[in-house]
Amino acid sequence: NFVYYKADNNIVDWAINTLKSYDCNVYLHNNIYYGHPDLEFNYSHTMDNYIILSSDDYKLLKRYYDDKNDNVIFSVGLTIVHESLHVHQRYNYERYKELYKMWGYIFVDKIYNFKNILSTKRQNPDANDNDVLWYNNNKYYFINCFFDPKNIDARVVHKYAYPIIKDTKGTFVYKNEEPIRLHNLNSYYNFFGSVGNDYTPNEICAEYNEKLYMDCVNKQQLFFSPAYTIFKNWYKSNVF
């Protein structure tokens, strides 16, 4: 069911003003709707220049609004911070690609022998990411969330890193190697740190937007990783 509804302007204004009241220099987007419970498995996401809150997140936001509870910044508020950056990514993607390249990602025209694997990838409404590889220690990986092809359940996915080979012609090919469970790819976590949505550069970036906001609210940095340091330095001149 692809139905979504305009959020109450009073609720949106209150939420955005509450987030802004901490004077944190973090990108926020106020074009907010909410979805039918069947839309995108009832996950909050973005579409065009809209933030589409899940019906559950919107109900929670209304409760915070009714109580005028500023703790909204720690729950649905952070979801808005996260989704705001996805909107910004969509309209400034070339800029973000420069950041992602600093993180070790490359963008390729095609991965051969990979169509069958891509058919099990969970498509993310916040990004088109079938062309992104992470390069580290002379190895290439395609990293994302995948369904179990033998038991497809929309809410059950596994995060895998598929090894990809660059052949002598410069062509990227999947050689049917077993995928690596992402949590076992230590070099990845040593570089990016432990973040919730850690399976694509777009998602990591949006999570870092949350962490940037919370660093400001807490008046101290609580999260550290090499990739986060690069992100913060890039953010100052590329988001505003």
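All values below were derived from every heavy atom in this structure, side-chain atoms included, with hydrogens, water molecules and symmetry-related copies excluded.
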J.: Between Tyr160 and Ile143, is any pair of side-chain heavy atoms under 4.5 Å apart?
T.: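 Not in contact.
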J.: For the NZ atom on Lys6, are there more than 12 heavy atoms of other groups (residues, nucleotides or ligands in this structure) within a distance under 6.0 Å?
T.: yes
J.: Other residues, nucleotides and ligands only: do more than 12 of their heavy atoms fall within 6.0 Å of NZ on Lys115?
T.: no
J.: Are more than 12 heavy atoms, taken from residues, nucleotides or ligands other than Asp109, located less than 6.0 Å from that residue's CG atom?
T.: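 Not buried by this count: 12 neighbours or fewer within 6.0 Å.
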J.: Apply the test side-chain contact (heavy atoms from CB on, under 4.5 Å) to residues Arg63 and Tyr65: give CA-CA distance (whole Å), side-chain angles for both, the deciding distance (0.1 Å), then the verdict.
T.: CA-CA 5 Å; Arg63 288 206 295 272; Tyr65 170 76; over 6 Å; no
J.: Would you name the heavy atoms of Asn202 and Gln89 that are closest together and state the gap between them?
T.: O-NE2, 3.0 Å
J.: Would one find more than 12 heavy atoms of other residues, nucleotides or ligands at under 6.0 Å from atom NZ of Lys219?
T.: no
J.: Is there a side-chain contact between Ile52 and Ser44 (heavy atoms, below 4.5 Å)?
T.: no
J.: How many angstroms lie between atom OG1 of Thr229 and atom CH2 of Trp234, to the nearest 0.5 angstrom?
T.: 15.0 Å
J.: Taking the six-membered ring of Tyr199, is the NZ or CZ of Lys159 close enough (under 6.0 Å from the centre) and on axis enough (within 45°)?
T.: no
J.: Out of Asn49, Asp48, Thr46, which one pairs with Arg90 under the side-chain hydrogen bond (donor to acceptor under 3.5 Å, both in side chains) rule?
T.: Thr46
J.: Please examine the side chains of Trp103 and Cys205, heavy atoms only from C-beta on, and report whether any two atoms are closer than 4.5 Å.
T.: yes
J.: More than 12 non-hydrogen atoms from neighbouring residues, nucleotides or ligands closer than 6.0 Å to CG on Asn128, yes or no?
T.: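 Count not over threshold, so no.
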J.: With a 6.0 Å cut-off on the ring centroids, do His88 and Tyr96 count as close?
T.: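 Yes: the rings meet the under 6.0 Å criterion.
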J.: Looking at Tyr112, I'd like to know if its OH atom is crowded, meaning that more than 12 non-hydrogen atoms belonging to other residues, nucleotides or ligands lie closer than 6.0 Å.
T.: no
J.: Taking all non-hydrogen atoms of both residues, which atom of Ser194 and which atom of Tyr189 are closest, and how far apart?
T.: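 Minimum heavy-atom contact is CA-CD2, 4.4 Å.
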J.: Provide the closest heavy-atom pair for Pro163 versus Pro179 in the form atom of the first, atom of the second, distance.
T.: CD-CA, 4.2 Å
J.: Donor-acceptor pairs are to be reported for all side-chain atoms of residues 12-19 against protein atoms at under 3.5 Å, with residues two or more places apart or in another chain.
T.:
unit_1: Asn17; atom_1: ND2; unit_2: Asp13; atom_2: O; d: 3.0
unit_1: Thr18; atom_1: OG1; unit_2: Trp14; atom_2: O; d: 2.7

J.: List the steps and the verdict of side-chain hydrogen bond (donor to acceptor under 3.5 Å, both in side chains) for Asp198 and Tyr188.
T.: CA-CA 9 Å; Asp198 56 5; Tyr188 192 76; 5.8 Å; no
J.: Taking atom types as modelled and ignoring hydrogens, do the side chains of Asn130 and Lys121 form a donor-acceptor contact shorter than 3.5 angstrom?
T.: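 Present: a donor and an acceptor within the cut-off.
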J.: Please find the pair of heavy atoms, one from Asn25 and one from Tyr235, that lie closest to each other, and give the distance.
T.: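 Result for this residue pair: O-CE2, 3.7 Å.
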J.: Among side-chain atoms of Tyr208 and Ser225, is any donor-acceptor pair under 3.5 angstrom?
T.: yes
J.: Flag the pair Val195 / Tyr228 as yes when at least one side-chain heavy-atom distance between them is below 4.5 Å, and no otherwise.
T.: no
J.: Please step through side-chain hydrogen bond (donor to acceptor under 3.5 Å, both in side chains) for the pair Gln221 and Asp215, ending with a clear verdict.
T.: CA-CA 5 Å; Gln221 185 173 335; Asp215 282 352; 4.8 Å; no
J.: Begin with the C-alpha distance, continue with both residues' side-chain angles, and end with the deciding distance and a verdict on ring-ring contact (aromatic ring centres under 6.0 Å, His included) for Phe172 and Phe114.
T.: CA-CA 10 Å; Phe172 293 93; Phe114 206 55; over 10 Å; no
J.: Mark yes or no: Lys62 above the aromatic ring of Tyr64, with NZ or CZ under 6.0 Å from the six-membered ring centre and no more than 45 degrees from the axis.
T.: no
J.: Of Tyr140, Tyr100, Tyr105, which meets side chain to side chain contact (heavy atoms under 4.5 Å, CB included) against Trp134?
T.: Tyr105
